[in-house]
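Input: a single structure, listed below in structure tokens.
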There are 2 protein chains.
Amino acid sequence: MEKEVTIYDIAELLQLSAATVSRALNDHPAINIKTRQRVQSKANELGYRSNTFASNLRKKTTQTLGVIVPRLNSHFMSSVLAGMEVVANKAGYHMLISQSLESAANEKANARTMFNNRVDGLLVSLAYDTESYDHFAGFIKKKVPLLFFDRVTDFMECPGIVIDNYKAGYEATRHLLAQGCQQILHVTGNLRRNVYNDRMEGYKKAIQEAGLSERAVQVIVNDLSAEAGVVLARQIMAMEQKPDGVFVASDICAVNCMRALIDAGYRIPDDVAFVGFNNDHVSQIIDPKLTTVDYPGHQMGELAVSTMINHLTSNQPLGATSSIVLRSQLIVRASSKRLLGAD
Amino acid sequence: MEKEVTIYDIAELLQLSAATVSRALNDHPAINIKTRQRVQSKANELGYRSNTFASNLRKKTTQTLGVIVPRLNSHFMSSVLAGMEVVANKAGYHMLISQSLESAANEKANARTMFNNRVDGLLVSLAYDTESYDHFAGFIKKKVPLLFFDRVTDFMECPGIVIDNYKAGYEATRHLLAQGCQQILHVTGNLRRNVYNDRMEGYKKAIQEAGLSERAVQVIVNDLSAEAGVVLARQIMAMEQKPDGVFVASDICAVNCMRALIDAGYRIPDDVAFVGFNNDHVSQIIDPKLTTVDYPGHQMGELAVSTMINHLTSNQPLGATSSIVLRSQLIVRASSKRLLGAD
DNA sequence: TTTTGAATTGCAATCGGTTGCAATTTAAAA
DNA sequence: TTTTAAATTGCAACCGATTGCAATTCAAAA
């Protein structure tokens with residue numbers, strides 16, 4: 001059982017041509033049903049496995065989708081990937097996954113690899129510091145469909161799958177205002193990325209609409225990590241004029257900040273109300289539970305891949321769709337409820 | 001720029017043979033350095049990209065590792081994958097990832113796909129209900145190296161990368177005993193999987209050693225999900241003889257249970273002490289912070305892949321190594337500290 | 001200038017399926 | 001029974017890179 005069995009072996013044993021065997025194995029309708037069965041059972045008997053390379057080489061398709069994400073290990077991203085995998089698997093596609101670790105250089109290298117591996121399509125969520133998009137030019141040129149999700153860009157003529165971050169930011173802020181907050185601090189990530197910039201714009205808009213002064217707009221940019229949350233708490237404690245509301249663009253960062261503040265004696269939401277983002281597990285574990293924006297990661301992954309596959313099989317131009325917006329929703333919990341009966 | 005450039009195109013333009021071009025592109029030492037440079041710069045100029053299939057077809061190697069995990073979206077697993085990706089990427093390998101969703105049937109199908117795709121090696125963490133291992137037989141037969149991590153099995157002659165779950169369970173329980181707990185409840189997952197069974201055995205051993213009666217051994221099996229944690233809290237509240245210590249084999253499940261108990265008025269650790277497993281993010285967010293077992297996921301991923309690649313390149317027999325045990329460690333936090341000055 | 005060995009390069013087969021088109025067989029219609 | 005169309009099957013040329021071995025080139029030694 002050392003040597004690999006090929007269609008030629010089967011063909012010889014069955015006194016058929018390789019062409020017929022190939023067709024039989026692929027359920028080609030032109031092949032007589034009896035022949036087909038004979039071939040397939042013989043293939044099973046011999047432990048035949050199709051050689052994907054030979055097939056790909058000839059067919060010029062890989063049944064593989066490339067995925068480049070900033071990090072694999074975040075609650076949100078792993079949900080997205082899980083969703084992607086389910087749909088891809090069902091449609092007979094495989095996923096080649098790599099992470100940029102938030103570095104544009106890595107992203108570039110990974111894109112190159114995906115390119116050489118001739119993925120049928122590429123799904124990307126941009127790294128923190130990606131500014132140039134040259135590394136995707138090859139895909140465009142070779143007409144390999146490209147799709148961005150979550151962290152998207154307007155610089156490329158590619159569809160993006162997103163939530164309405166502007167609206168989410170706006171509503172989160174409105175909610176804090178409605179709870180009586182007057183000085184709302186917004187903490188977010190690199191503003192080059194749409195997800196963070198849009199949320200901030202929504203935040204600003206809400207502040208302006210509320211008729212608050214310019215000074216009411218207060219933004220801190222960090223990397224939204226757990227550690228950054230602890231640092232943030234120290235920053236807040238050191239402020240001469242403390243915020244009475246904080247809107248953080250990530251639950252992980254938010255809860256760590258809350259925890260540090262609580263340990264230091266702050267009362268939430270009375271001293272300061274909190275709203276996070278992502279509806280991460282931790283948002284329901286912290287006490288008080290964290291008001292947050294539900295972010296349908298799994299669904300986003302499913303949608304990204306099904307859009308891609310739909311395009312690949314039906315050959316509809318992907319460029320046509322400019323973006324797909326998923327519904328997100330503010331989930332109000334105790335961390336921001338300052339008024340009785342408020343929702 | 002529509003048509004793909006091949007080595008033949010380059011060969012013709014440079015009045016060379018395809019063989020020479022191929023060697024030049026691969027830095028073959030037999031090729032004159034000037035020729036090599038001419039070829040490489042021409043390749044760049046034309047936007048040449050190597051056709052991986054043709055190469056694989058000829059070389060019979062894929063530079064791809066298959067990974068099958070129960071779920072992508074858990075804190076632990078995504079850390080493992082992140083670690084794997086870093087090492088694989090650095091060594092020029094790609095990762096084909098799929099999830100079994102805890103179903104043996106899916107695992108089987110995924111293994112088949114990996115097999116057909118001729119991954120150079122396969123890394124597996126077993127599904128909840130996998131009982132037969134036939135779907136891995138092909139890999140053994142074809143001498144494709146196979147390696148299990150975390151959820152391993154003794155039924156196959158394959159190396160496994162694990163932590164000492166027995167010891168971890170033992171120490172966690174000893175810790176609770178040392179804190180004065182007399183009735184320790186152990187909550188864990190499917191006992192068919194080593195990770196859960198071993199932890200339980202460690203737990204039992206510690207109970208026995210403490211000279212407690214048979215009745216002191218109390219085990220509940222669930223799926224360790226967040227929801228299961230809430231259910232667990234109800235179960236505990238309904239018990240006539242309540243435990244004064246709970247050792248849960250997963251942080252997620254533990255914290256959700258704690259949260260429900262706290263909301264119901266229980267005091268932790270005074271009424272009941274808690275120890276979790278995994279050192280998940282949430283363990284530091286819950287109040288009181290959760291004592292847990294640190295589980296080096298990222299490191300486990302790195303090690304799994306580097307072991308595999310090392311084997312692939314040096315051709316050392318993988319079978320020789322039977323298992324690699326990573327160090328894990330009990331991290332004591334407030335959820336289990338009942339004695340002053342205890343650690 | 002000839003010899004000789006090393007350095008380069010090319011030939012041609014090979015990896016294993018796929019597919020357009022032609023050839024053959026089979027079955028239905030005349 | 002012959003004609004004709006439909007159903008099957010086979011031929012042979014791909015897909016693009018790799019590599020053992022032979023051929024050629026080149027330069028140094030004789």
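For clarity, every value in this text was computed on a predicted model and none was experimentally measured. In what follows, every chain begins at residue 1, and chains take the letters A, B, ... in the order their sequences are listed.
When heavy atoms are screened at a 4.0 angstrom cut-off, A:Tyr8 is found touching base atoms of the nucleic acid. The residue A:Leu25 sits apart from the nucleic acid: no heavy atom pair falls under 4.0 Å. Nucleic acid contact class of B:Arg36 (heavy atoms, under 4.0 Å, all strands): none.
Take A:Pro70 and apply the side chain to side chain contact (heavy atoms under 4.5 Å, CB included) test, not counting sequence neighbours, and it matches A:Met77, A:Ser100, A:Glu102, A:Ser125, A:Arg151. Annotation: side chain to side chain contact (heavy atoms under 4.5 Å, CB included) contacts of B:Ala91 (sequence neighbours excluded): B:Tyr93, B:Ile309.
Of the inter-residue distances, the one linking B:Arg118 atom CZ with A:Glu4 atom CD reads 4.5 Å to the nearest 0.5 angstrom.
For B:Asn26 and D:dT18, the shortest distance from a side-chain N or O to OP1 or OP2 is below 4.0 Å. The shortest distance between the side-chain N/O atoms of B:Ser17 and the OP1/OP2 oxygens of C:dC11 is not below 4.0 Å. Phosphate proximity of D:dA17 to B:Tyr48: present, with a side-chain N or O under 4.0 Å from OP1 or OP2. Distances shown here put every side-chain N or O of B:Lys60 at or beyond 4.0 Å from the OP1 or OP2 atom of C:dT14. For B:Thr20, a side-chain nitrogen or oxygen approaches OP1 or OP2 of C:dG10 to under 4.0 Å. A close approach under 4.0 Å does occur between a side-chain nitrogen or oxygen of B:Thr35 and OP1 or OP2 of C:dT9. Contact check, A:Ser22 against C:dT18: a side-chain N or O comes under 4.0 Å of OP1 or OP2.
Both A:Phe53 and B:Pro29 lie close to DNA chain C; mapped to their nearest nucleotides by heavy-atom distance, the more 5′-ward contact belongs to B:Pro29. Across the interface with DNA chain D, nearest-nucleotide mapping of A:Ala30 and B:Ile7 shows A:Ala30 to be the residue nearer the 5′ end.
If you measure from atom NZ of B:Lys34 to atom C1' of D:dC26, you get 14 Å, rounded to the nearest angstrom. Taking atom CG of B:Asn56 as the reference point, atom P of C:dG17 lies 14 Å away to the nearest angstrom. Between the P atom of D:dT8 and the CZ atom of A:Arg38 lies a distance of 14 Å, rounded to the nearest Å. Regarding A:His28, its NE2 atom lies at a distance of 8 Å from the C1' atom of C:dT19, rounded to whole Å. If you measure from atom CG of A:Asn51 to atom C1' of D:dA17, you get 14 Å, rounded to the nearest angstrom. One can place CG of A:Leu57 at 17 Å from P of C:dT14, the figure rounded to the nearest angstrom. Per the geometry, NZ belonging to B:Lys59 stands 17 Å off C1' belonging to D:dG20, to the nearest Å. The nearest whole Å value for the distance from the CD atom in B:Glu12 to the P atom in C:dG10 is 13 Å.
With C:dG16, D:dT9, C:dT9 as the candidates, the nucleotide lying closest to the side chain of B:Asn32 is C:dT9.
Side-chain contact annotation: A:Thr62 with A:Asn56, donor-acceptor N/O pair under 3.5 Å absent. A donor and an acceptor atom, one from each side chain of B:Asp27 and B:Gln40, are located under 3.5 Å apart.
Between the side chain of B:Arg193 and the backbone N or O of B:Thr130, at least one donor-acceptor pair lies under 3.5 Å.
Taking the C1' atoms of five terminal pairs at each end of the helix from C:dT1-D:dA30 to C:dA30-D:dT1, the two resulting helix axes are inclined by 50°, rounded to 10°.
Side-chain to base pairing of A:Arg23 with D:dG10: one donor and one acceptor N or O lie within less than 3.5 Å of each other.
Across all non-hydrogen atoms, the minimal contact from B:Leu13 to B:Leu46 is CD1-CD1, 3.6 Å. Closest approach of A:Phe136 to A:Met156, counting heavy atoms only: CB-SD, 3.8 Å.
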